[in-house]
Amino acid sequence: MMSARDLREFDAHHLWHPFTQAQTAAAPILIKEAAGAWLSAADGIKYLDLISSWWVNLHGHAHPKIAHAIAEQAAKLEQVIFAGFTHEPAIELARRILAQLPASLARLFYSDNGSTAVEVALKIAFQFWRNSGEAGRKRFIAFEGGYHGDTIGAMSAGRTSGFYFPFEDLMFDVDIVPFPATWDGDENVEAREAETLASLDRLLQNARSYAAAIIEPLVQGAGGMRMCRPQFLSAMAKRLRSANVPLIFDEVMTGFGRTGALFACIKSGVEPDILCCAKGITGGFLPLAATITTERIYQAFLGNGIENAFLHGHSYTANPLGCAAGLASLDIFESEDVLSRIAGIEQVHRAHVSAMAKQGEIQRVRILGSIAAFDFAEGSAYGSGLSQILRDLALKEGLVLRPLGSTLYIMPPYCITDAELGAAYTGIRRILSQLR
Ligand SMILES: *Cc1c(COP(=O)(O)O)cnc(C)c1O
């Protein structure tokens with residue numbers, strides 16, 4: 001076994017970390033184990049994971065029920081090709097997820113991560129029209145500040161997120177409409193929504209050039225935890241429906257309880273034609289994703305030849321271990337009444353954040369389910385000086401935080417206790433006072 005020192009050294013010389021400027025970044029922290037909301041580093045320091053390890057972990061790290069379900073499944077069937085074959089964990093997980101969604105969403109396609117779930121949605125929408133004799137529908141509508149993942153199609157839909165300037169020449173054209181972001185006490189939200197709906201109306205005068213529209217419902221994640229009202233989603237969906245342009249909900253982040261309901265489409269009461277989920281689907285244990293659509297869209301892929309079929313798939317499609325983890329996670333939602341716990345987290349968020357807002361420490365408060373977000377400075381960019389300083393100060397407090405530009409957000413695993421969350425807010429207030 002390599003010593004912690006050797007491990008760090010090998011990492012420094014041979015590994016390449018995501019979204020990191022290695023020349024200036026501090027060495028990554030070597031994590032040895034984790035339990036509940038806590039990460040334990042090799043040097044003995046413990047960190048409270050307030051970002052659910054990039055928004056994937058739901059019920060706490062190394063939750064024994066999920067660990068056990070994966071081990072049991074691994075000893076039985078670890079993987080099988082999903083073309084020409086099927087298996088119970090994939091069927092059962094699809095059945096359980098579809099049972100939670102509006103009845104119109106009735107077909108589920110598995111893939112591996114959020115980017116592929118989005119890529120699949122875009123490709124399904126595109127080919128749907130081609131198969132339906134409307135090959136001219138090639139364009140997509142997306143929202144300012146949206147983030148949909150890092151593959152080329154997902155980047156194109158998320159081109160305004162600010163992450164992709166080196167790749168602009170690779171992306172396809174997407175029509176962008178403003179996102180009517182809102183916050184507590186916002187008085188101009190209706191005007192902003194009207195502006196967005198008007199620009200949508202302008203695009204929809206050429207409705208027959210669009211394959212689909214894509215949005216992160218209720219919360220834009222990486223774009224800065226920007227929230228919109230359900231009323232807006234519903235007005236937008238109505239326009240798209242009457243123009244016959246399919247609506248894609250990217251629920252990669254909002255799925256599996258983040259907004260307080262199992263999915264944002266349930267929370268908002270708005271039904272999409274295609275829904276993407278990933279991050280929380282396995283409780284944060286294994287990569288897995290699903291793109292879910294209507295029977296109407298599925299039917300357009302049927303025919304006598306291969307040319308109408310959806311020619312897309314990944315080696316690990318519907319991996320049985322991921323599906324077993326997903327089933328165990330859904331069991332925990334029921335046996336531990338997790339949605340009630342999320343309502344409790346929302347209350348704790350609200351109490352602490354409104355106290356901070358009242359003191360004038362922060363601006364633009366938005367809270368929904370397990371997510372709390374606010375601005376701690378005016379307009380600083382992702383990875384900029386101030387957000388890096390905040391991240392480092394947080395680590396010194398034993399807190400894992402990753403500001404998005406000038407937005408600080410807290411998105412903990414649902415197992416976090418009121419006491420842990422309260423202590424986290426005390427630390428956050430100390431950090432913010434150091435920044436001033
Ligand atoms: C994270 C994220 C993605 C991309 O998911 P990956 O698993 O990182 O590929 C797509 N859409 C949204 C809304 C996300 O938050």
Side-chain angles (χ1 to χ4, degrees), residues 17-20 51-58 109-125 140 142-164 167 171 174 176 179 181 212-228 233 247-259 262-265 267-268 272 274-292 312 314 316-317 319 322 325-326 329 366 368-371 373 382 402-405 407 409-411:
H17 291 264
F19 279 100
T20 302
I51 60 167
S52 300
S53 284
W54 252 349
W55 318 346
V56 300
N57 188 282
L58 301 187
F109 188 95
Y110 284 111
S111 65
D112 300 342
N113 57 62
S115 305
T116 57
V118 166
E119 210 73 32
V120 164
L122 299 173
K123 287 175 71 174
I124 284 178
F140 291 90
F143 285 79
E144 176 82 41
Y147 174 85
H148 301 289
D150 296 343
T151 53
I152 308 282
M155 281 199 298
S156 302
R159 62 187 310 139
T160 61
S161 62
F163 297 107
Y164 301 133
F167 308 111
M171 297 179 203
V174 169
I176 305 285
F179 182 81
I214 181 166
I215 190 169
E216 295 162 83
L218 293 180
V219 193
Q220 282 189 333
M225 298 298 156
R226 303 201 306 160
M227 301 193 183
C228 71
L233 285 181
L247 172 59
I248 302 169
F249 269 7
D250 176 353
E251 294 226 35
V252 170
M253 185 277 279
T254 53
F256 299 97
R258 283 294 165 202
T259 65
L262 210 51
F263 291 95
C265 72
K267 182 89 179 175
S268 63
I274 303 178
L275 185 147
C276 309
C277 54
K279 289 192 168 104
I281 191 171
T282 64
F285 276 64
L286 287 163
L288 184 74
T291 304
I292 304 164
H312 182 113
H314 300 278
Y316 281 95
T317 297
N319 173 250
S329 170
R366 47 272 185 205
L368 188 66
S370 67
I371 309 167
Y382 181 85
R402 254 183 102 83
L404 294 159
T407 292
Y409 70 90
I410 299 110
M411 194 197 285

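Order of appearance sets the numbers: ligands from 1, and atoms from 1 within every ligand. Residues: numbered from 1 along the sequence shown. Heavy-atom basis, side chains included; hydrogens, waters and symmetry copies ignored.
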(message) I need the single residue from Tyr147, Tyr164, Phe163 that forms a ring pair (Phe, Tyr, Trp, His ring centres under 6.0 Å) with Phe19. Which is it?
(response) Phe163
(message) Minimum heavy-atom separation for Phe109 and Val120, please, with both atom names.
(response) CD2-CG1, 3.8 Å
(message) Looking at ligand 1, would Trp55 count as a contact under a 4.0 Å heavy-atom criterion?
(response) yes
(message) Tell me whether Thr20 contacts the main-chain N or O of Pro18 through its side chain, where contact means a donor paired with an acceptor under 3.5 Å.
(response) yes
(message) Below 4.0 Å, non-hydrogen atoms only: which portion of Lys279 touches ligand 1? Side chain, backbone, both or neither.
(response) side chain
(request) Would you mind listing which atoms of ligand 1 come within a distance below 4.0 Å of any non-hydrogen atom of Gly114? (result) 4 (C), 5 (O), 6 (P), 7 (O), 9 (O)
(message) For Gly221, state whether at least one heavy atom is located under 4.0 Å from any atom of ligand 1.
(response) no
(request) Kindly write out the residues that satisfy ring-ring contact (aromatic ring centres under 6.0 Å, His included) with Tyr409, not counting sequence neighbours, or none if the list is empty. (result) Trp55
(request) Just jot down the ligand 1 atoms closer than 4.0 angstrom to any heavy atom of Ser115, in number order. (result) 4 (C), 5 (O), 6 (P), 9 (O)
(message) To check you understand the geometry: which heavy-atom pair defines the closest contact between Glu251 and Thr254, and what is its length?
(response) OE1-OG1, 2.9 Å
(message) Taking 4.0 angstrom as the limit and counting only heavy atoms of Asp250, give me the atoms of ligand 1 inside it, by number and element.
(response) 10 (C), 11 (N), 12 (C), 13 (C)
(request) Considering non-hydrogen atoms only, spot the tightest contact between Cys277 and Ile292 and give its length. (result) SG-CD1, 4.3 Å
(request) Would you please name every residue forming a ring-ring contact (aromatic ring centres under 6.0 Å, His included) with Phe256, sequence neighbours left out? (result) Phe263
(request) With heavy atoms of Asn113 as the reference, note each atom of ligand 1 found under 4.0 Å away. (result) 7 (O), 9 (O)
(request) For Thr116 and Glu119, test the side chains for any donor-to-acceptor distance below 3.5 angstrom and give the result as yes or no. (result) no
(message) List ligand 1 atoms under 4.0 Å from Gly149, heavy atoms only on the residue side.
(response) 4 (C), 10 (C)
(request) Flag atom 5 (O) of ligand 1 as yes if some protein heavy-atom distance to it falls below 4.0 Å, otherwise no. (result) yes
(message) Need the ligand 1 atom indices (1-based, order shown) with element for anything under 4.0 Å from a heavy-atom of Met253.
(response) 15 (O)
(message) Suppose I only count heavy atoms of Glu216 and a 4.0 Å limit; which atoms of ligand 1 are within that range?
(response) 13 (C)
